[in-house]
Structure formats: structure tokens, C-alpha cells
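Reading through the C-alpha cells given below for one structure.
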Amino acid sequence: MSKPALTSLHQALRKSFQCVENNQKLWKSVLAECTPLLSSLGNLAEQSRALSNVQISNTPLRLFPDLEGRLRFKLLQATDTVLGKLNDKMTSLQSVRDAISNQVCAVFQLYEQNTDSLGLPVVTERSATAPSVTDMLEWLQDAERHYRHQFLRRKTLLQTLRADNLSLLESAPERWKSLESPTADDNITDTLCKVSFFMESE
Amino acid sequence: MEGESGDMTLSSSNRKCSGVTGSARKIKDNAADWHNLMLRWEKLNEDGFSMAANIVNIRRSQSNEQLVDESSSAPTDGAAALQDECCKLQEIIHKMAAVVTKMRRLMTSQRGLQDLEEFQFGPEGRKSPLFHNWTTKQFESSSRVLLDAFSLELKLKQTILQELAHTSTSNICMVYLSCWLHQPFIPPQLSLTLEALLLETGHRPL
């Protein structure tokens, strides 16, 4: 009686891990594209800082009276462009998060619908090639939570940036880097390894 | 990228060669020249920036050996390299000055067209526009806006060239570099002015 329910649950789990695998790659590539953007953001902040520290009227540039304002405008404009690009990247990250969340949500729904017919022994049973359903659900939930947290923290970092707060902008690349959590990433990779036989056993 | 769009303008002006003559022909060619000169300027600006950055790095490694450890050149090497980079940057500025001279010639030719028009049609100018709806005066004022911006930017770059190798304070060096890179006297609306010119003269499809 529980057999078709288990099969369809297995199917949904396979699909979810496939989705995690694909999106993990996508996530990494988008993050890699963000790094140069963040460093140019920090660099622009450094340039603005230098401009603020220099008294233009005491330098040979005093020949150009409106230079400071114009340069500041250009720097702001460049910062704006970089932030715009980062915003696009965040949209991509958000779509990765949503894809994983939706998939995991669907598999949990399926599980909850079939809890009664499956029974505890079936969902906790594991074999040499296939982990138990409960383990796999847990791993999926971990992965989903990881991407949700990551997205939120990165988004918050970007949203707290202000053009007039140079120290925030200057420290942005560092803080962005500190958000990386290699252990969580490795855990997801580990999970994908653990389910690799299960994935192939269709 | 730069070559492509340059070619595009040139070829499109060549193709429509048969259609326009006289003052219109001249104005149209001038617009294409503006476009190409501005592309050339951008290219020179990029090349010059890496040299300017090198100069600043050499200067900093000279004044503060432990600050820059990747360029492990001896001080004498540093001086020679500095001289070398300065010469290259000077070369770039010469080329930029040549670009501005050509721009000035475009301006002169534009003014000549304006004078000719006044001679032909009186102070009011021609009744029907040469292209879509700009008067010849508007072409002249656009050229004036472009020329003024680039002349001032050239002056800024010449000042930077004179000072860059004699400065070791990191802040002011940074300001020089960001001036070079961001070109404060070439505002973003300048590219709109150029686009308007290209649109009006038919280089860009309406």
C-alpha cells in the first residue's frame, strides 16, 4: 500500500537533489561574479575618501575650480552603476533561493500528505545505496536554510550601504567575504555525494 | 567593440553617400568624425590610465620600499622605469592633444558652415532644416559643448602628467588617478549630445 507513495516520494527527492545540485553551481558562479563588483565598490570608496582628505585648493588642481564636485559626481555615478549590477546579481541569487525553497517545500508537502500511509519504519529505513527518507528530508531542509540565510545576509549587507557612509562602503568587500561559509557549502556537496547512488538508482 | 562601432558609423556614412551633398554632407561627416575621435579618446584614456597607475606604484615603492613588495626592482631600475612610464604617458597626452586639435578643426569647419549659411540665407539661416529639425546653429553649439569638455579634460590631464611623478602622498596620487579614470570634465550627458548629433544626421536610425 505504501509502495506507490514511497516511489513518488523518492522521485520527488531525486528531483529536489537535482535542483540543489544545479542551483549550487549557479549560486557559486553568481557569487564569483559579485567579487570583482564588491572590490570595485571598495575601491570607489577609497577614491572618495582620498578626495575628501585632499584640500584641492592646496594642490596644482586648484586651476580647476569645480573639479571636486565633478569628480565626486563621477565617483557617485560609478558607485551607483556598481550597485545596480550587484542588485541584478542579487536577483539571480534570489531566484536560486526560490527555486530550492519551492522544490523543498513541494517535497515536504508530498511527505506530509503521505505520512500516514508510509509509516515510521518505511521512512527511517536505509540501505547501502539509499539513505533514509527522513535523512534526505533533513539534508534538503539544511540546504534550503543555508541558501535562505546566505541570501538574507548578503542582501542586508547591500541594503545597509549608504553613499555618504564611506567606512561602510570601504569595509563592504571584507564583510561580503566574511559571509562565506565554506563548511555549509561543503555540507551540501557532501550531501550530494551521499545521495549519488540513490540518484542513479532510478 | 570600439573598432566595430567605429566601422559601423563610417560604413553607414559611406553607404548613404549618394543621398546628401553640400553642407549636409559636411555636417554628417563631421558627426562621424566626432564619434570616431571620442572613441579614440576613450582608448587613449584607458591606455594612459595603466601607465599613470604604474607611475604611482613606482613612486610609492621608491618612497616606501616595504609598501610594495611585488615589484622587486632596485631603486635605479625604479628610476629608469619611472622615466620610461612618464615618457609613455607623455606620448599618450600628445596623442590626446592631437585628438583635441582635430576636434577644434571640426569646430572651425562647423563655424565655417554657419558663416556660409548666413551669407547664403541671411542672419535667419535656411528655412528648411538640413536633416530632421536641427538648425545649423544647433550643430555648432553641440560641437562647442563637445570641444569645450575635451579641451578642459586635456588641460586636466596635462596638469596630472606634470605632477604625477613628483607626488608621493598617497591621497593626492589617488585623486590624480581617479581624475584620470573618471574624467570629471566629460559629463555623462556628453554622450547624449553625441548621440543626438548622430541621430539627427542619420547615422543612427530614428
Side-chain angles (χ1 to χ4, degrees), chain A residues 33 35-88 161-174 177, chain B residues 41-42 45-46 49-50 52-53 55-57 59-60 63-64 67-68 86 89 93 96 100 145-146 148-193:
Chain A
E33 288 162 4
T35 314
L37 292 176
L38 258 300
S39 67
S40 48
L41 204 60
N43 194 271
L44 285 165
E46 212 182 317
Q47 293 179 50
S48 297
R49 168 84 67 196
L51 183 59
S52 306
N53 289 343
V54 166
Q55 190 77 41
I56 294 285
S57 52
N58 294 336
T59 71
L61 295 177
R62 64 181 159 270
L63 297 170
F64 306 93
D66 54 349
L67 179 89
E68 185 175 351
R70 281 170 174 271
L71 185 57
R72 207 169 280 288
F73 169 73
K74 281 277 191 164
L75 289 171
L76 280 175
Q77 197 200 16
T79 310
D80 207 46
T81 312
V82 175
L83 284 175
K85 284 183 188 162
L86 276 171
N87 197 34
D88 292 345
L161 296 178
R162 291 283 171 275
D164 51 1
N165 191 334
L166 287 180
S167 51
L168 271 182
L169 280 171
E170 277 168 327
S171 62
E174 281 292 311
K177 203 171 159 37
Chain B
W41 176 280
E42 280 310 313
N45 194 55
E46 266 173 45
F49 179 71
S50 59
I55 292 174
V56 169
N57 284 337
R59 275 297 292 169
R60 285 177 70 180
S63 61
N64 201 347
L67 224 158
V68 182
C86 286
L89 189 61
I93 300 242
M96 286 178 143
V100 172
V145 168
L146 294 172
D148 286 350
F150 281 95
S151 306
L152 203 52
E153 190 62 39
L154 178 66
K155 216 173 122 198
L156 174 63
K157 294 225 185 310
Q158 284 163 337
T159 312
I160 294 175
L161 172 70
Q162 280 168 17
E163 301 299 328
L164 198 58
H166 303 290
T167 319
S168 51
T169 336
S170 62
N171 275 331
I172 183 74
C173 278
M174 180 68 102
V175 172
Y176 285 143
L177 285 184
S178 64
C179 276
W180 187 289
L181 185 65
H182 296 289
Q183 315 208 77
F185 293 110
I186 301 186
Q189 59 268 35
L190 217 58
S191 61
L192 292 183
T193 309

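Computed from a prediction, not measured in an experiment: that's the story for all the values here. What you see below is based on every heavy atom in this structure, not just the backbone, and it leaves out hydrogens, waters and symmetry mates. Lettering of chains follows the sequences in order, A, B, ..., and the numbering in each one begins at 1.
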query = Tell me, side chain or backbone of B/F185 under 4.5 Å from chain A's heavy atoms, or both, or neither?
reply = both

request  = Go through the atoms of A/E68 and report whether side chain, backbone, both or neither lie under 4.5 Å from a heavy atom of chain B.
outcome  = neither

ask   = Can you tell me if A/K74 uses its side chain to pair, donor with acceptor, with the backbone of B/H182 under 3.5 Å?
value = yes

message = Minimum heavy-atom separation for B/S178 and A/L75, please, with both atom names.
response = CB-CD2, 4.5 Å

task = Measure B/T159 against the heavy atoms of chain A and call it side chain, backbone, both or neither at under 4.5 Å.
result = side chain

Spacing of B/I186 atom CD1 and A/R70 atom CZ [to the nearest 0.5 Å] = 10.0 Å

ask   = Hey, which of A/N58, A/V54, A/L51 is the one that makes side-chain contact (heavy atoms from CB on, under 4.5 Å) with B/I172?
value = A/V54

query = Do B/C179 and A/F64 come close enough that some side-chain heavy atom pair is under 4.5 Å?
reply = no

query = By number, which residues in residues 36-48 of chain A have some heavy atom less than 4.5 Å away from chain B?
reply = A/L44, A/E46, A/Q47

query = Got B/T167 and A/T59 here, is their nearest side-chain heavy-atom distance under 4.5 Å?
reply = no

key: Side chains of A/P60 and B/Q162 in contact at under 4.5 Å (non-hydrogen atoms)   = no

query = Got a second to check how far B/E163's CD is from A/L61's CG, nearest 0.5 Å?
reply = 8.0 Å

message = Tell me which of these, B/L177, B/L152, B/N171, has more heavy-atom pairs under 4.5 Å with chain A than the rest.
response = B/N171

